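First up is the structure itself, then whatever we jot down about it.
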Amino acid sequence: AARLEFITPFQLYFNPDLIFRKFQIWRLITNFLFFGPLGFSFFFNMIFLYRYCRMLEEGSFRGRTADFVFMFLFGGFLMTLFGLFASLFFLGQAFTIMLVYVWSRRNPYIRMNFFGLLNFQAPFLPWVLMGFSLLLGNSIIIDLLGIAVGHIYYFLEDVFPNQPGGKKLLLTPSFLKMVFDTPEEDPNYNPLPEDHPEHQPRNQAQNEQQHPQ
């Protein structure tokens, strides 16, 4: 939309003053959706966002859509808090790095190959991407923010609950589970006899004998 000039980046960027004084609430979301002009950096972010978002959804978050959405909200909230104290206008790249970080820590033994030049274990991927961003002349503050938020989520979700005396601190709200997760079947539910599939053919045969055509 920005490339077709339907809107401008000035309508999308993160600006606390416009959000809280002018009530332009949409900026809390749109600042995550703009990845700059069409170019190598744009497509690079799109590919990584799609790839690692999909692998997380189909991997460690399979059947846990509400938890997946809660990770989005938690990461976006922390990045927004940091944006209040720093001059950051767009946080989409940080969000992508957060997804990459969480996936990489949950798949530590996968071997990665970066453009055929580097071979490394998955946990090093966020740092390789940060180095690549530095080579492109971009600021690494955004990448560091994504790594920091990803590590906070990974620590609270995967590390701390498994420590002695630790417990799960990130609890997905029940309303998200109601909206996104398929309700579980009640193990104590006992259907009526006529609802049992094995009874239906016999009942049908009995009806045919009693009421022949």
Side-chain angles (χ1 to χ4, degrees), residues 14 29 31-33 35 41-86 88 90-136 138-173 176-177 180-181:
F14 183 77
I29 299 175
N31 79 90
F32 288 98
L33 305 179
F35 289 88
S41 181
F42 174 86
F43 290 108
F44 189 79
N45 275 286
M46 287 294 97
I47 291 173
F48 272 77
L49 178 63
Y50 170 76
R51 175 179 173 81
Y52 290 97
C53 184
R54 178 180 176 180
M55 288 197 295
L56 278 174
E57 185 177 14
E58 295 179 350
S60 59
F61 285 100
R62 178 180 292 274
R64 300 168 52 218
T65 305
D67 295 336
F68 191 50
V69 173
F70 182 64
M71 180 187 68
F72 277 41
L73 297 176
F74 177 79
F77 175 75
L78 288 186
M79 293 177 196
T80 300
L81 280 182
F82 186 84
L84 293 174
F85 305 101
L88 299 177
F90 296 104
L91 300 171
Q93 183 174 335
F95 191 84
T96 300
I97 294 295
M98 179 196 76
L99 295 178
V100 171
Y101 185 91
V102 173
W103 176 86
S104 68
R105 295 305 297 264
R106 289 183 171 179
N107 298 272
Y109 302 111
I110 292 182
R111 294 287 298 173
M112 309 292 297
N113 183 281
F114 192 72
F115 291 128
L117 300 175
L118 294 174
N119 292 295
F120 50 87
Q121 299 289 108
F124 292 100
L125 179 59
W127 304 100
V128 172
L129 294 181
M130 186 182 71
F132 184 70
S133 180
L134 186 62
L135 290 176
L136 292 178
N138 300 325
S139 172
I140 63 172
I141 298 299
I142 290 290
D143 298 78
L144 288 174
L145 174 60
I147 290 174
V149 172
H151 182 73
I152 291 173
Y153 177 83
Y154 170 74
F155 178 80
L156 295 178
E157 180 71 12
D158 295 3
V159 178
F160 184 70
N162 297 318
Q163 299 296 315
K167 63 179 181 178
K168 188 174 176 63
L169 298 177
L170 297 181
L171 301 176
T172 304
L176 288 180
K177 292 183 178 291
F180 293 104
D181 287 350

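What you see is a predicted model; the values in this text were computed from it and never measured. Note: hydrogens, waters and symmetry copies are ignored here, and every other heavy atom, side chains too, is used.
- Within 6.0 Å of atom NZ in K168, more than 12 heavy atoms from other residues, nucleotides or ligands are found, so the atom counts as buried in its surroundings.
- No more than 12 heavy-atom neighbours from other residues, nucleotides or ligands sit within 6.0 angstrom of CZ on F124.
- No donor-acceptor distance shorter than 3.5 angstrom exists from the side chain of S133 to the backbone of L129, with no hydrogens or angles considered.
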Worked verdict on F95 versus F72 for ring pair (Phe, Tyr, Trp, His ring centres under 6.0 Å) | CA-CA 8 Å; F95 191 84; F72 277 41; 5.0 Å; yes

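- In this structure, Y101 and M98 have side chains that are not in contact, with every pair of non-hydrogen atoms separated by 4.5 Å or more.
- Atom CE of M79 and atom CZ of F74 lie 10.0 Å apart (nearest 0.5 Å).
- Under the side-chain hydrogen bond (donor to acceptor under 3.5 Å, both in side chains) criterion, N113 pairs with N119, sequence neighbours left out.
- For R106, the salt bridge (Lys or Arg N to Asp or Glu O under 4.0 Å) partners two or more places apart in sequence, or in a different chain, are D158.
- The side-chain heavy atoms of M71 and L99, taken from C-beta on, include a pair separated by under 4.5 Å.
- Under a cut-off of 6.0 angstrom, the local environment of CZ in F77 is sparse, with at most 12 non-hydrogen atoms contributed by other residues, nucleotides or ligands.
- Within the structure, side-chain hydrogen bond (donor to acceptor under 3.5 Å, both in side chains) pairs that include any residue of residues 67-79 comprise R64-D67, D67-T172 (at least two apart or interchain).
- The number of heavy atoms from other shown groups lying within 6.0 Å of CZ (R62) does not exceed 12.
- Closest approach of G75 and V149 over heavy atoms only: CA-CG1, 3.7 Å.
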Stepwise ring pair (Phe, Tyr, Trp, His ring centres under 6.0 Å) check, F132 with F44 = CA-CA 11 Å; F132 184 70; F44 189 79; 5.2 Å; yes

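- Side-chain contact between S60 and W103: absent, with no pair of heavy atoms (C-beta onward) separated by less than 4.5 Å.
- Contact detail for I97 and G146: the closest heavy-atom pair is CG2-C, 3.9 Å.
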